[in-house]
Amino acid sequence: MTEPTDIQALLLSRIRDVADYPEPGVMFKDITPLLADPAAFGALTDALAEVTVRHGATKIVGLEARGFILGAPVALRAGIGFIPVRKAGKLPGATLRQAYDLEYGSAEIEVHAEDLSAGDRVMVIDDVLATGGTAEASLALVRRAGAEIAGVAVLMELGFLGGRARLEPALAGAPLEALLQV
């Protein structure tokens, strides 16, 4: 394993492990200490904005809920628009909806289709890539709205859950960048 960069060390130092949350045997990665530290939050925003600009994104899609917290300041920093992808039933007006499978059941997400167009290159941003189901569904939504995928960027990837392998076919060659591998 390689030594973490300065930014990786800073981010890791502000992520708190919470044992047995939300259920026994799970080690939850709590990013609230990172969000509370303006230097760490600023460094995270800068790093994700750099990824966004490097891949030529014209819009950011943030996944509910922590993708909103991370994606909105990244969009502002990169000088591009922000579009929330919400749980079904949370957006007013006409939406595109996408169902996806969870470990025990299914869920649906939505986006306002008019917020994306054929000329857009979209970077999907979230805090964690776990199993990849929500990110995979968001890629389908972006494409259904007629936009192109610039990539997916996350604060951390939980590699042991296999989300990257699940997501790679849906990315169709677009990059997946994780600032941290856990």
Side-chain angles (χ1 to χ4, degrees), residues 1-2 8 11 26-29 31 44 47-72 74-75 78 80-91 94-182:
M1 187 169 162
T2 61
Q8 288 171 325
L11 298 175
V26 173
M27 181 63 72
F28 184 79
K29 301 293 186 182
I31 68 167
L44 171 59
L48 290 173
E50 186 278 324
V51 169
T52 299
V53 170
R54 181 166 27 94
H55 292 295
T58 61
K59 298 260 176 84
I60 286 179
V61 158
L63 305 182
E64 188 166 346
R66 289 177 299 271
F68 296 176
I69 297 168
L70 302 184
V74 170
I80 61 178
F82 176 79
I83 290 95
V85 167
R86 306 268 340 245
K87 295 174 183 166
K90 301 288 184 178
L91 290 172
T95 62
L96 287 177
R97 183 177 288 198
Q98 182 71 39
Y100 62 101
D101 292 328
L102 299 167
E103 189 175 354
Y104 300 106
S106 64
E108 293 180 316
I109 55 174
E110 293 179 328
V111 67
H112 280 139
E114 71 270 10
D115 292 339
L116 294 169
S117 65
D120 287 324
R121 286 184 45 81
V122 176
M123 180 65 67
V124 175
I125 292 188
D126 205 2
D127 64 330
V128 174
L129 176 65
T131 62
T134 307
E136 181 183 41
S138 74
L139 296 176
L141 271 180
V142 167
R143 287 191 177 104
R144 284 178 50 209
E148 183 182 335
I149 304 299
V152 173
V154 297
L155 166 58
M156 68 184 124
E157 177 182 353
L158 305 179
F160 61 93
L161 292 176
R164 182 175 291 267
R166 177 179 180 169
L167 201 53
E168 280 180 344
L171 283 164
L176 166 58
E177 295 203 27
L179 299 178
L180 303 172
Q181 303 278 334
V182 180

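Throughout, residue positions are numbered sequentially from 1 according to the sequence presented. Just the heavy atoms: all of them, side chains too, but no hydrogens, waters or symmetry mates, feed the values below.
Looking at Val182 and Lys29, their side chains come closer than 4.5 Å, going by heavy atoms from C-beta outward. Two residues are said to be in side-chain contact when any heavy atoms from C-beta on lie closer than 4.5 Å; Val128 and Met156 meet this criterion. Inter-residue side-chain proximity for Leu96 and Leu116 is flagged as unmet; no heavy-atom pair is nearer than 4.5 Å.
To the nearest 0.5 Å, atoms CG (Leu176) and CD1 (Ile149) are separated by 12.0 Å. Taking CG of Asp126 as the reference point, atom CD of Glu157 lies at 12.5 Å (rounded to 0.5 Å). To the nearest 0.5 Å, the span separating CD on Glu136 from CD on Gln98 amounts to 8.5 Å. Taking CD1 of Ile69 as the start and CG of Leu44 as the end, the distance is 11.0 Å to the nearest 0.5 Å. A distance of 12.0 Å separates CE in Met27 from CG in Leu158, rounded to the nearest 0.5 Å. In this structure, CD in Glu177 is found 3.5 Å from NE2 in His55, a value given to the nearest 0.5 Å.
When atom types are taken as modelled, the side chain of Lys87 and the backbone of Ala107 share no donor-acceptor pair closer than 3.5 angstrom. Counting only distance, with no hydrogens or angles, the side chain of Glu110 and the backbone of Gly89 share a donor-acceptor pair below 3.5 Å. In this structure, the side chain of Arg144 engages the main chain of Arg97 through a donor-acceptor pair within 3.5 Å. Looking only at distances, no side-chain donor or acceptor of Arg66 sits under 3.5 Å from a matching main-chain atom of Asp127.
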For residues 167-174, which side-chain N or O atoms pair as donor and acceptor with protein atoms under 3.5 Å away, sequence neighbours left out?
none

- prompt: Could you walk me through whether Leu129 and Val152 pass the side-chain contact (heavy atoms from CB on, under 4.5 Å) check?
  reply: CA-CA 9 Å; Leu129 176 65; Val152 173; 5.8 Å; no
- request: With side-chain contact (heavy atoms from CB on, under 4.5 Å) as the test, would you mind laying out the steps for Val51 and Val74 before giving the verdict?
  value: CA-CA 10 Å; Val51 169; Val74 170; over 6 Å; no
field: Derivation and outcome, side-chain contact (heavy atoms from CB on, under 4.5 Å), residues Thr52 and Ile125
entry: CA-CA 9 Å; Thr52 299; Ile125 292 188; 4.0 Å; yes
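For the pair Ala153 and Leu48, the tightest heavy-atom approach, listed with the atom from each and the gap, is CB-CD2, 3.9 Å. Here the closest heavy-atom approach between residue Val85 and residue Phe68 is recorded as O-CE2, 3.5 Å. In this structure, Ala150 and Pro175 approach most closely via the heavy-atom pair O-CD, 3.2 Å. Across all non-hydrogen atoms, the minimal contact from Asp101 to Arg166 is O-NH2, 3.7 Å. Residue His112 comes nearest to Thr95 through the heavy atom pair CD2-CG2, 3.7 Å, listed as atom of the first residue, atom of the second, then distance. Listed here is the closest heavy atom pair of Ala57 and Met123: CB-CB, 3.8 Å.
A salt bridge links Arg121 with Glu148; the closest basic N to acidic carboxylate O contact falls under 4.0 Å.
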